[in-house]
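These figures come from a predicted structure and were not determined experimentally. We use all heavy atoms of the structure for the numbers below, so side chains are in, but hydrogens, waters and symmetry mates are not.
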Amino acid sequence: MFQSMILYVVPIFCTLSINTLLACDILDDFDNTRDPGDIIIGGLIPVHEKVVTVTKPESQKCTGYDVRGLVKTLALIHSIDMVNNSTLLPGIKLGYEIYDTCTDPTKAIKETLRFLSNSNSTDNCVKVQCNYTNYQPTVKAVIGAATSEVSIAIARLLNIQLIPQISYSSSAKILSDKARFPAFLRTIPSDEYQTKGMVKLVQMFQWNWVGTIASDEEYSRSGINNFITQAEQAGICIAFQEVIPFYSSNHITNSRIRDIANIIINQTKVNVIVIFGKSSHVTELFKVLSTQNISKVWIASDSWSTNSNITRLENIQNLGNIVGFTFKSGDISEFQNYVKNLPHNSESPNTFLAEYYNLRKLCAHVQDNDLDSCLSNHTHHAMDDRLDIVNNSVKMQYQEDDFLVNHIDPGVISNIQWSVTALAHALKRLLKCNEGICWKSFNFAPWELLEHVKKVNTTSGGTKIQFDLSGDFMSGYDIVMWNFLEGKVEINQKVAEYDIEQNKITVRDSRLNQLKVVMSNCSNHCLPGQIKLSSESQHTCCYDCINCTFNTYSKTKDALQCNPCLPDEWAPSGSADCYKKRIIFLDWNNGFSIVLLTLAAFGIVLIIIIVFIFFKNVRTPVVKSNGGTISFIMLISLLFSFLSVGFFIGKPNDITCNIRQCLFGISFTLSVSCALAKSLKILLAFNFNPANQHIVKNFYHSGLITSFCTGLQVIICTMWLVFNGPKVLKDDNRLQREILVECSEGSYVAFAVMLGYIAFLALICFSFAFKGRKLPENYNEAKFITFSMLIYFISWITFVPVYVTTHGMYLPAVEVVTILSSTYGILCCQFFPKCYIILFKKECNTTTSFLKNLYDYSLKSSNLITNSQHSLNYSQCNKSCKSIKNNDSQNTFSTTSTSAAQSHGFICVSRKRSSSW
């Protein structure tokens with residue numbers, strides 16, 4: 001199979017006659033330059049831009065002289081001379097055969113066959129063998145080719161004998177595949193890294209809407225496809241993907257270029273365009289676009305980023321900013337001096353240089369800006385006059401300028417130098433050169449050299465020369481920016497560097513930052529607080545922006561979704577951040593709180609004053625008629641009811657939530673219990689049949705009543721606190737921008753039971769007091785108890801619907817108002833009238849006044865008083881009462897049997913009862 005493949009791809013020249021070979025050598029003199037040596041290094045460099053189309057398989061002619069190709073040739077020759085002039089390979093001279101590929105794979109394959117020919121044969125024959133292990137070809141290694149498409153073509157041939165091939169500018173990713181290209185190496189990185197750098201550059205300026213243009217050949221297709229894949233992974237959208245035909249006629253190519261130019265002009269939102277392509281295609285495209293005033297950012301691949309032909313275009317500054325990637329370069333000062341000191345004559349043994357000098361003579365009248373074009377257009381004329389140039393013995397000399405120096409690409413020249421250096425160090429190891437002598441014969445097979453080339457690890461001019469497993473040179477890239485000054489372009493300014501290993505761009509010149517003002521987006525960036533909403537376009541970079549909804553936010557540009565705020569945070573619509581909700585509660589500084597606290601404090605002061613008044617007049621009839629000791633207990637309970645108001649104000653916590661309801665419930669229950677005991681005592685004293693009062697008296701005890709009633713409330717509150725008591729609740733859902741800190745009552749059933757129990761006691765108290773409402777005026781405590789209970793009922797009946805329907809921080813205030821009104825109701829109704837009598841009606845606060853009042857009440861209440869003979873005067877009643885008191889001092893509820901005595905007894909008993917209060 002292997003032998004069959006060779007038969008298909010390798011032409012056999014063994015049948016050629018000697019005369020034919022000589023004729024062929026003469027015809028090809030202008031296609032190569034050579035220098036003999038012990039070890040021959042092959043070189044493939046495009047000195048011309050293209051070949052002339054032929055109709056027969058004859059020798060191909062090239063057209064379009066490229067001065068940059070000449071400079072590369074000179075760099076290869078100079079690098080080989082530097083090795084020969086050094087002690088690196090003692091006793092060995094490196095020779096070279098350099099062929100012009102004319103940027104054409106077919107011509108390059110033909111020239112590569114020369115390299116594969118048997119070095120031991122005189123007929124330049126390529127032998128077909130099954131095993132090339134010991135085969136000795138003409139060259140031991142090849143430097144080149146320049147373009148990826150040519151390198152791929154010749155690499156297939158060189159693989160047959162595993163001849164080391166080191167390219168200085170072929171960057172297609174496919175060449176890193178060692179399964180297909182085992183003998184290929186290069187002193188540059190793969191395009192995969194260049195495109196990564198381009199994507200990084202686009203990301204750095206936040207562009208996401210870019211166009212791409214590529215030439216239809218292997219290098220450009222591979223590079224642009226890599227860029228598109230990596231860009232889409234990074235969220236960058238490709239607005240258009242245009243391809244310029246490479247092998248079509250000029251008419252078709254130029255027509256396609258004009259179409260692409262129109263697309264660029266009409267794509268107003270696309271302000272960044274990446275071009276992987278032939279420099280000739282870029283030149284033609286820019287010629288068309290330079291007539292338009294369009295300002296774009298052009299990202300150039302290494303193939304044209306430093307092309308001097310493009311920089312000389314007229315109105316090139318109209319195109320905008322051009323940023324390009326170039327290969328890392330080393331010190332090329334020696335080569336620059338070498339170029340400046342070249343002998344200026346057309347009889348140079350370097351046929352490429354000789355042709356250049358002849359073309360310079362023909363274009364002597366042309367300005368520098370048009371010299372490249374002139375050199376290219378006169379190629380046919382120069383080749384037609386080739387014999388005249390060869391036979392011309394006149395040495396042409398003229399004043400040389402820096403034209404060749406200006407065509408030096410530092411990156412490419414450095415790569416050529418490193419390629420030769422790598423081969424030289426590999427030869428040194430292979431030939432075991434040491435101490436001024438090489439111990440091994442240089443009659444070796446190329447595959448042996450290849451093994452040592454792969455292992456090269458040396459340093460040249462501060463640059464580490466080493467190939468990775470894919471045969472690539474991981475040197476990184478320089479980023480250059482074209483600078484327009486007075487109609488001229490400077491492209492030697494390095495503005496940034498791209499580090500391959502770290503995938504990082506380091507800016508070296510602030511001029512690069514001026515690109516930040518350029519916008520290239522299908523849609524404007526969504527600001528923080530907005531999210532992207534996909535539009536009808538298939539591109540993810542084309543979208544609409546909508547604001548985040550209430551209580552959601554987005555911090556970054558072009559966010560895909562809004563994030564919800566935390567429960568204690570809020571955000572308005574379209575917010576880029578969340579804000580802490582304001583904590584609200586019935587604050588001490590609130591005006592309503594101040595009013596309520598003032599009323600509570602005023603009530604406390606009133607209670608203190610009343611306690612002082614009662615204590616000072618504790619033995620007077622009014623104080624006694626108000627219950628005596630039980631009045632003080634009642635006042636203390638009202639005091640605690642007022643104090644409970646303070647626990648409803650301020651920021652609540654679990655302690656205050658538990659205290660406030662229980663404190664009010666127990667204290668108010670105690671006051672109602674005292675009122676109940678008082679109303680019951682009044683009822684027993686005046687409304688019971690005297691015959692039954694002795695029995696009832698044995699069951700009545702005010703302290704037991706108040707203790708029992710209050711104790712039940714204590715039990716209710718205790719069970720409430722134990723099982724499901726009040727606790728702090730943060731309500732962060734009801735209010736949009738605020739968190740309401742309030743007390744949750746826990747078990748609302750227990751809360752209702754507590755209040756319902758107080759209402760039950762108040763109802764009983766009201767019933768007893770209502771029955772005794774017609775007692776004598778100074779004894780009419782029942783009437784005031786009745787009023788106080790009515791106020792209580794009105795307050796709490798009003799409280800329930802208001803409490804249920806009220807929400808927010810003023811909910812505690814509703815209960816406080818009810819507490820204050822009911823507490824003030826008891827205080828005012830039951831204590832203010834007594835204080836009024838003590839302070840302003842002192843004449844009524846005497847025993848005589850009370851007895852008179854009782855006497856009048858008794859006369860009104862007794863049906864026995866019907867005529868004057870049964871009438872008794874007050875003095876007689878008083879004496880009779882004293883007599884009854886002395887005779888029945890132990891029986892409060894005694895009566896008389898006669899009708900007249902009943903009247904006397906009722907009055908006296910009433911007096912005795914009143915005296916017991």
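- Minimum interatomic distance between Arg180 and Asp177 (heavy atoms only, all atoms of both residues): NE-OD2, 2.8 Å.
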I would like to know whether Asp216 and Ser220 meet side-chain contact (heavy atoms from CB on, under 4.5 Å); could you show each step before the answer? CA-CA 7 Å; Asp216 190 13; Ser220 300; over 6 Å; no

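- Atom CH2 of residue Trp570 and atom NZ of residue Lys580 lie 14.0 Å apart, to the nearest 0.5 angstrom.
- A disulfide bridge connects Cys562 to Cys548: their SG atoms sit within less than 2.5 Å of one another.
- Between Tyr792 and Phe799, the ring centre distance reaches or exceeds 6.0 Å.
- Using a distance-only test at 3.5 Å, with no hydrogens or angles considered, no donor-acceptor pair links the side chain of Asn521 to the main chain of Trp209.
- Note that CD1 of Ile819 and CZ of Phe668 are 9.0 Å apart. Values are rounded to the nearest 0.5 Å.
- Judged by distance alone, the side chain of Thr718 and the main-chain N or O of Val714 form a donor-acceptor pair under 3.5 Å.
- A pairwise comparison of heavy atoms in Gln203 and Ala234 identifies NE2-CB, 3.3 Å as the closest pair.
- Counting non-hydrogen atoms of neighbouring residues, nucleotides and ligands closer than 6.0 angstrom, the CZ atom of Phe585 exceeds 12 such neighbours.
- Inspection of the Thr818 and Tyr803 side chains reveals no N or O donor paired with an N or O acceptor under 3.5 Å.
- Asp472 and Ser176 share a side-chain donor-acceptor pair at under 3.5 Å.
- Judged by distance alone, with hydrogens and angles left aside, the side-chain atoms of Asn266 form a donor-acceptor pair with the main-chain N or O of Asn262 at under 3.5 Å.
- By the 4.5 Å heavy-atom criterion applied to side chains, Trp207 and Asn271 are not counted as neighbours.
- Between the side chain of Ser222 and the main chain of Tyr219, no donor-acceptor pair closer than 3.5 Å is present.
- A donor-acceptor contact closer than 3.5 angstrom links the side chains of Ser171 and Asp191.
- Residue Phe325 forms a side-chain contact (heavy atoms from CB on, under 4.5 Å) with just one option from Val480, Thr306, Leu201, Asp478, and that option is Leu201.
- Looking only at side-chain heavy atoms (C-beta outward), Ser190 and Leu175 stay at 4.5 Å or farther from each other.
- Note that CG of Asn226 is 10.5 Å distant from CE of Met198, once rounded to the nearest 0.5 Å.
- Comment: Lys581 does not engage Asp568 in a salt bridge, judged by the lack of any side-chain N to carboxylate O separation of less than 4.0 angstrom.
- The closest side-chain heavy-atom distance from Glu242 to Arg256 is below 4.5 Å.
- Ring centroid separation for the pair Phe286 and Trp304 comes in under the 6.0 Å cut-off.
- Residue Phe602 places its CZ atom among 12 or fewer non-hydrogen atoms of other residues, nucleotides or ligands, all under 6.0 Å distant.
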List the steps, then state whether ring pair (Phe, Tyr, Trp, His ring centres under 6.0 Å) holds for Trp720 with Tyr757. CA-CA 14 Å; Trp720 183 14; Tyr757 177 69; over 10 Å; no

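- Not counting sequence neighbours, Lys651 has no partner by the salt bridge (Lys or Arg N to Asp or Glu O under 4.0 Å) test.
- Glu218 places no side-chain N or O within donor-acceptor distance of the main-chain N or O of Ser148, the cut-off being under 3.5 Å.
- Here the side chain of Trp482 pairs a donor or acceptor atom with the backbone of Ser305 at under 3.5 angstrom.
- Under a 3.5 Å cut-off, the side chain of Thr656 and the backbone N or O of Asn653 do form a donor-acceptor pair.
- One N or O on the side chain of Asn551 and one on the backbone of Ala571 form a donor-acceptor pair closer than 3.5 Å.
- Of all the heavy atoms in Asp577 and Tyr579, the pair that sits closest is O-CE1, 3.7 Å.
- With Thr552 contributing its side chain and Asn563 its backbone, the two residues share no donor-acceptor pair below 3.5 Å.
- No donor-acceptor distance shorter than 3.5 angstrom exists from the side chain of Ser593 to the backbone of Asn589, with no hydrogens or angles considered.
- Minimum heavy-atom separation, Val728 to Asp654: N-OD1, 3.0 Å.
- For the atom pair CD of Gln317 and OG of Ser295, the computed distance is 11.5 Å after rounding to the nearest 0.5 Å.
- The shortest non-hydrogen separation linking Lys173 to Arg186 is O-NH2, 4.2 Å.
- At a cut-off of 3.5 Å, with distance as the only test, no side-chain donor of Asn293 or Asn318 sits close to an acceptor on the other residue.
- Side-chain polar atoms of Asp499 and Tyr477 form no donor-acceptor pair below 3.5 angstrom.
- Looking at heavy atoms from C-beta onward, Pro812 lies in side-chain contact with Arg660 at the 4.5 angstrom threshold.
- Among all heavy-atom pairs drawn from Asn724 and Lys727, the shortest one is OD1-NZ, 3.4 Å.
- Side-chain atoms of Leu740 and His807, non-hydrogen and from C-beta on, never get closer than 4.5 Å to each other.
- Looking at Ile273, Val243, Ile224, Ile275 one by one, the single match for side-chain contact (heavy atoms from CB on, under 4.5 Å) with Thr212 turns out to be Ile224.
- Open room surrounds CG on Asn524; 12 or fewer heavy atoms of other groups in view lie less than 6.0 Å from it.
- Salt-bridge check for Asp509 with Lys494: failed, with every basic side-chain N at 4.0 Å or more from each acidic carboxylate O.
- On the SG-SG cut-off of under 2.5 Å, Cys237 and Cys522 do not qualify.
- When side chains are defined from C-beta on, Val507 does not count as touching Val495, because their heavy atoms never get closer than 4.5 Å.
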